[in-house]
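Accompanying notes for the structure given below.
Here the structure is a predicted model, which is why all the values come from computation and not from measurement.
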Amino acid sequence: MEETQKKGNLVFAVNGDRFELPSIDPSTTLLQFLRSETCFKSPKLGCGEGGCGACVVLISKYDPKFKKVEDFSVSSCLTLLCSLNGCSITTSEGLGNTRDGFHSIHERFAGFHASQCGFCTPGLCMSLFSALVNADKGNKPDPPPGFSRLTSSEAENAIAGNLCRCTGYRPIADACKTFAADIDIEDLGFNSFWKKGDSKEIKVSKLPPYDPTKNFSTYPEFLKSESATNLDSSKYPWYSPVSIEELRSLLNSNVTENGASFKLIVGNTGTGYYKETQRYDLYVDLRHIPELSIIKRDQTGIEVGATVTISKFISVLKEESNINLGSYGKLVSQKLADHMEKIATPFVRNSASVGGNLVMAQKNGFPSDIATLLLGLSVTVSLMTSHGPENLTWEELLSRPPLDSKTVLLSVCIPFKKDQSSHQTHSRFLFETYRTAPRPHGNALAYVNAAFQADVSHSKNGVLINNIHLAFGAYGTKHATRAKKVEECLTGKLLSVHVLYEALKLVKLAVVPEDGTLHLEYRSSLAVSYVFEFLYPLTDVHSSISGDLLDGINDISDEEVSESSNNSCISQGRKQTLLSSSKQIVEFSTEYSPVGEPLKKIEAATQAAGEAVYVDDIPSPPNCLHGAFIYSTKPLAGVKGIHLEPNHLTDTTIITYKDIPTGGANIGAVSPFGSEPLFAEDLSRCAGDRIAFVVADSQRSADVAATTALIEYDTKNVDSPILTVEEAVEKSSFIQVPPPFQPAQIGDFSKGMAEADQKILSAELRFGSEYHFYLETQTALAIPDEDNCMVVYTSSQCPENAQSMIASCLGVPAHNIRVITRRLGGAFGGKFVKAMPVSTACALAAYKLRRPVRIYANRNSDMIMTGGRHPMKVTYSVGFKSSGKITALHLDILINAGITVDMSPIIPSYLINTLKKYNWGALSFEIRLCKTNLTSKTIMRGPGEVQGSYIAEAIIEHVASLLSIEVDSVRNENVHTFESLNLFYGNVVAEGEYTLPSILDKLAVSSSFFQRSKMIKQFNQKNTWKKRGISRVPAVYHASQRPTPGKVSILQDGSIVVEVGGVEVGQGLATKVRQMTGYALSSIESSWAEDLLEKVRVIQADTLSVVQGGVTNGSTTSESSCAAVKLCCNILVERLTPLKKQLQEKNGSVDWPTLILQAQKQSINLAANSYYVPKFLNYLTFGAAVSEVEIDVLTGETTILQSDVIYDCGQSLNPAVDLGQTEGSFIQGIGFFMNEEYLTNEDGLMVSNSTWTYKIPTIDTIPQNFNVHLVNSGHHEQRVLSSKTSGEPPLFLAASVHCATRAAIRAAREQLKRWEKLDESVSEFYLDVPAILPVVKTQCGLDYAEKFLETLLARQPTCFK
């Protein structure tokens, strides 16, 4: 019987507060509502694609039938508000906050130093909270007090889909695992809760308490009575049919006729991939139809309704069933569940439906994993069509034209095969699935996925293939396909090496990506690898041959095969590895306490709870408008006009250079080297060039208007664009480097080359670009004020320059413009020059329209317009002795600077400074900045330096390869002596301060480098399909301090306000400044230090309060800001000391509040300003890293097994902060060297401009064992309290991962050489940066499996035919 559903208004709860909305635009997402209509700002917009986790919240639904609450995490950026009728939403503020007390999640994140910029932290907390809530509902044994039922593996998996660009994930994982009942607390990393030597019991007691039995309710009682109510479709264009018949009637009714557009809705997650710009007249929610949410599993198979979420499907597949599913049913269930857990992210799987995924694959060609899995299992599907119900195979449906809008997928049926009597037939069923992706545990589309099933029989002659299905998908065709010719070739055959070899040749012909597909040959090669991995263990060749050819062949899972051979199914299982325990050693001093102590970041818990205010969290003023940039998609073209698509819901205004007021200038950004225009005028000079700024009543409307705008170009009367450095050289298109920024050459190159025993001439290296990927995109808010003034809030590393730009553009004095920056959600250099046009465009629009205007750039546009790191082409010639000692090096470097000067002139000197870490004998170079029609490249963490440091390593590796000697010995041969270091760097290092040699020695011991090197050689000899490499790499960083202002004010009650020129970008500047204030003021009375620390608040940067703020970059702003504050405090101490003596003489003792009260009465100035100008601008800092990797030669996957870093931090101002900077910087470096593929089209427009296509490191791509040691190298007179910087240098050390990968590839090539299957040099090969999977496999050999089989056949051909 059909239930009669009550109809009503949209009602839901947020953090226990009831909301009822009589009307709402049905396209409104939960995130849009929370951020614009409530005070809950913890969910952040990081991507709008479900790919970053910044917007994660907990959804709780009540089931009145079973009287149960279901809790699950979702991406609020994709979840439609109307789909949450009767639901409760919990955000991070709802868990706890400053006023009511923080949740133990917030406190543990803070105590484990797991928040830096803090923008991603609330989403991480909610991902963990969702896992905790569900684990504690389970029926596992009760955990010990203070813990949950969560396992450490589940804790890691809970945050596997969340991105963080700052921390490097290790401290986040540790904070999460503090809740896991199975964790050994000794394995957890550095934190602020316990001290070295504390017992396990004491450590547990010091953790902020967690008691799941006292957890607050996620679902308020008042909602339970309203949970069964559906939306009234007479009030909302939102329909919720409750039966298939009602759905059919609705789709064939007047409502959907007459051209009305409608959308079928389940989870709406598809909009993360297929961005919507159209508006629908109505929405049809399919989740209330019981037949579509069915899920049945028995011995005949599995039936899954189309609206079943992927997570629900996985959980049912993993359930222990009372029904005997048979061994095949169990195998299929296990394999499907394991594979689908790697699809998307947990918070997307929780709302994405199985049917929605399949329909996207069928209609749009989405590279679905589920589509391939089901194709491999010969499933049938049920449809509702306009002609009635229809059943057909999934394969048949894929071959049809795209489904029309009124055809609905109802369900999928996966058949199970009956177990055969193994005693009579010796028959076995095999089923295996495969996927290879940039991230092994999900949140990445596969390069190729596959699902194979086979029916095989065992006999004394081997394995007979009775039947086989081979399905491949995501490899660059419209749909998943079956390799039928390969199936026909194998069916009925007795499997042998020869048969397999012939089959692999057919696979390569069958799996052919379409033209234009990225990494085309690699994808075909993967398909071959999958079939080889599936069938090779069945060829039973191990007993037939011997010798080193098959050493280690058992790492293709034949152990699992033999173990399961007693069952009627064979499974080649692959286990996932968790992060192992890591060591953090920090050497710190209490000499300047509280400076030097590893205090947690002052705002960490506030960030975790979502209370920290970023620019886009500031409530919109009345009448606020929103803006978005319209940019060029052509590299060089005249702009004739801009046409907006008609939008019936909003008015839009276009702002161009023509709207700049009289007296103002078309200027958008400035650097010490020049300026760039705010908007292109009549000529767009690069793809991504700003042409206009469109303003609308909402950010979404502005974004849609900008996305759909049509630009009318004129390419007839313009020259051809310059896109490459070679074209720039040909056309002499260069940017000049001012003489002070030109690095000096060293020694006599000709003489050095004459002394060389051997030479490498004109070898080449190339680097692509890299995107900053701060989690908070470019953002600003401009508010017109009285008297032609304006207040601008901006996420900028240089508010001072933003002020100057806005004033210049508007033609007003700078004092009319007040720019305020409290904190940034990450920057890494991308919010210095590139943030200026954002705030300037907002201010110009606000000036013209006399209304507040704000912008929060969408991720796709931000990626295109930001420009990124400088691409380069490097040609080098080097001379060296037979020992590996280099005598001379010459470099020709072409740097692609893009269209404007930006900060490019600093790149040559920065590059050479890090390259000089080795003694090259003589060093000469010619470096040219090429002006091209690309978006101007800008500074990014380690600008030029990361490339320079790597160039040095690549040259060392090349020399070692040519000499056939250990690369580590060549490195040691060329490490500087104290004398040569000062020759290269100009006497900046004093005696005893050169710590690199001792760091290298210490690292060799602590990482067991030499012992592991031997073990790796043995491993590589024994293993055919996995190879390991290890590398030790040094770094030298040339740090530069800058003048910085400071201001300290003591208020009436004795509390202290501090302002500095630097801004908090996640680097802990405010925390270090606070510590310095406490230390410096306590010189008046040392016993007050701790109390004074608690009284300090560091406030926002304000350009009308503290001037000459400069730019926050280069990782030295924290120490310079501390120095400026120390000067201020010294002035205040000098003023207060006489008064303190008077009061002591009079009263015997005095406390701080009394002292300040008396100072007020005596009119003592309690505010002090300073401007710190460093006496010594430059210094060197040193570090080294050892990394070990394992590569899979069949797929190119690289696993970082271990990284050990030792870094000289001087006498750290805060070791906890510097440890976080070191780890985060190193992991960001891994992104540059191994993960982040920056792709552009033929016009130079970035096309990898989304979380779908641009892959920064995640928790599953960092070192499994990551050990960091911060060395305290003692007193340094020329530094701020002997401290050194920590933010940039560890980035360069990530080259150790790339070099270790090269070593592993070399081992694979050595094996090919032994097989006589490599014509090239084993060691002389070029490994691209980044060394992504296709790059690694290409250098190992795309036909590695075939060459292996050829070798088998060649050596003992009669055995295998």
Side-chain angles (χ1 to χ4, degrees), residues 116-119 165-166 601 603 614-615 669-672 772 774 776 778-780 792-805 819-836 838-839 866 902-903 906 910 938-943 1039-1047 1058-1074 1076 1098-1103 1105-1125 1171-1174 1177 1213-1214 1217-1218 1220-1221 1224-1225 1228 1280 1283 1285-1288 1291:
Q116 289 187 22
C117 86
F119 197 80
R165 191 57 146 169
C166 296
K601 275 191 66 181
E603 54 198 354
Y614 301 82
V615 172
V670 69
S671 77
H772 304 78
Y774 30 70
E776 173 204 44
Q778 302 281 5
T779 179
V792 180
Y793 298 89
T794 177
S795 182
S796 171
Q797 290 174 255
C798 190
E800 181 184 40
N801 279 21
Q803 176 190 39
S804 172
M805 283 305 89
V819 175
I820 297 172
T821 300
R822 181 180 286 184
R823 62 173 58 84
L824 279 60
F828 316 112
K831 292 180 180 175
F832 173 25
V833 175
K834 295 298 183 179
M836 295 177 210
V838 178
S839 52
T866 298
D902 202 285
M903 290 294 290
I906 70 167
Y910 280 38
T938 193
I939 55 171
M940 181 175 175
R941 199 176 200 169
S1040 301
Q1041 292 189 83
R1042 295 172 184 81
T1044 307
K1047 180 179 177 183
V1058 180
E1059 297 174 76
V1060 290
V1063 295
E1064 177 63 62
V1065 298
Q1067 83 284 46
L1069 178 145
T1071 303
K1072 288 180 175 179
V1073 164
R1074 182 171 172 264
M1076 179 62 83
V1098 182
I1099 64 169
Q1100 60 202 18
D1102 182 336
T1103 56
S1105 179
V1106 172
V1107 300
Q1108 295 177 280
V1111 59
T1112 301
N1113 72 348
S1115 298
T1116 56
T1117 310
S1118 292
E1119 62 205 66
S1120 296
S1121 297
C1122 284
V1125 165
Y1171 191 60
Y1172 168 68
V1173 180
L1177 289 173
L1213 297 172
N1214 182 318
V1217 167
D1218 287 330
Q1221 287 291 287
S1225 182
Q1228 193 171 76
V1280 178
S1283 66
T1285 181
S1286 62
E1288 319 254 331
L1291 186 85

Which one of Cys1122, Pro1174, Ser1120 satisfies the side chain to side chain contact (heavy atoms under 4.5 Å, CB included) criterion with Thr1044? Ser1120

Evaluate Lys1072 against Asp1218 for side chain to side chain contact (heavy atoms under 4.5 Å, CB included), listing each step before the verdict. CA-CA 10 Å; Lys1072 288 180 175 179; Asp1218 287 330; 2.8 Å; yes

Hey, could you give me the CG/CD1 distance between Asn1113 and Ile939, rounded to the nearest 0.5 Å? 4.5 Å

Which pair of heavy atoms, one from Pro799 and one from Val1063, lies closest together, and at what distance? CG-CG1, 4.0 Å

Closest heavy-atom contact between Gly825 and Cys117? C-SG, 3.5 Å

In Å, rounded to the nearest 0.5 Å, how long is the span from CD of Glu800 to OG1 of Thr821? 11.5 Å

Rounded to the nearest 0.5 Å, how far apart are CZ of Arg941 and OG of Ser1225? 4.0 Å

Nearest heavy-atom pair of Thr1117 and Val1111: which atoms, and what distance? OG1-O, 3.7 Å

Please step through side chain to side chain contact (heavy atoms under 4.5 Å, CB included) for the pair Tyr774 and Leu824, ending with a clear verdict. CA-CA 9 Å; Tyr774 30 70; Leu824 279 60; over 6 Å; no

Apply salt bridge (charged side-chain N to carboxylate O under 4.0 Å, His left out) to Glu1059 and list each qualifying residue two or more places apart in sequence or on a separate chain. Lys1047

Can a donor-acceptor pair be found between the side chains of Lys831 and Ser795 at a distance below 3.5 Å? yes

For the CD atom of Gln1228 and the CD atom of Glu1288, what is their distance to the nearest 0.5 Å? 9.0 Å

Okay, side chain of Thr1285, backbone of Ser1115: is any donor-acceptor separation there less than 3.5 Å? yes

Which pair of non-hydrogen atoms, one from Phe828 and one from His772, has the smallest distance, and what is that distance? O-CD2, 3.2 Å

Under the side chain to side chain contact (heavy atoms under 4.5 Å, CB included) rule, what do Ser839 and Met805 come out as? Steps first, then yes or no, please. CA-CA 9 Å; Ser839 52; Met805 283 305 89; over 6 Å; no

To the nearest 0.5 angstrom, please state how far the CD atom of Glu1119 sits from the OG atom of Ser1286. 8.5 Å

Is the backbone N or O of Ser1040 less than 3.5 Å from a side-chain atom of Thr1116, with the two atoms forming a donor-acceptor pair by type? yes

Please determine if Glu1064 and Lys601 form a salt bridge, counting it only when a charged side-chain N lies under 4.0 Å from a carboxylate O. yes

Minimum heavy-atom distance Tyr1171-Pro1043, with the two atoms named: OH-CB, 3.3 Å

Measuring only between side-chain heavy atoms, which start at C-beta, is Val1280 closer than 4.5 Å to Gln1041? yes

Please say whether the positively charged group of Arg823, taken as NZ for Lys or CZ for Arg, lies over the ring of Tyr614, i.e. under 6.0 angstrom from the six-membered ring centre and within 45 degrees of the axis. yes

Would you give the length of the straight line joining atom CD of Gln116 to atom CZ of Arg165, rounded to the nearest 0.5 angstrom? 12.5 Å

Heavy-atom pair with the smallest gap, counting every atom of Val1073 and Ser1121: CG2-CB, 3.9 Å

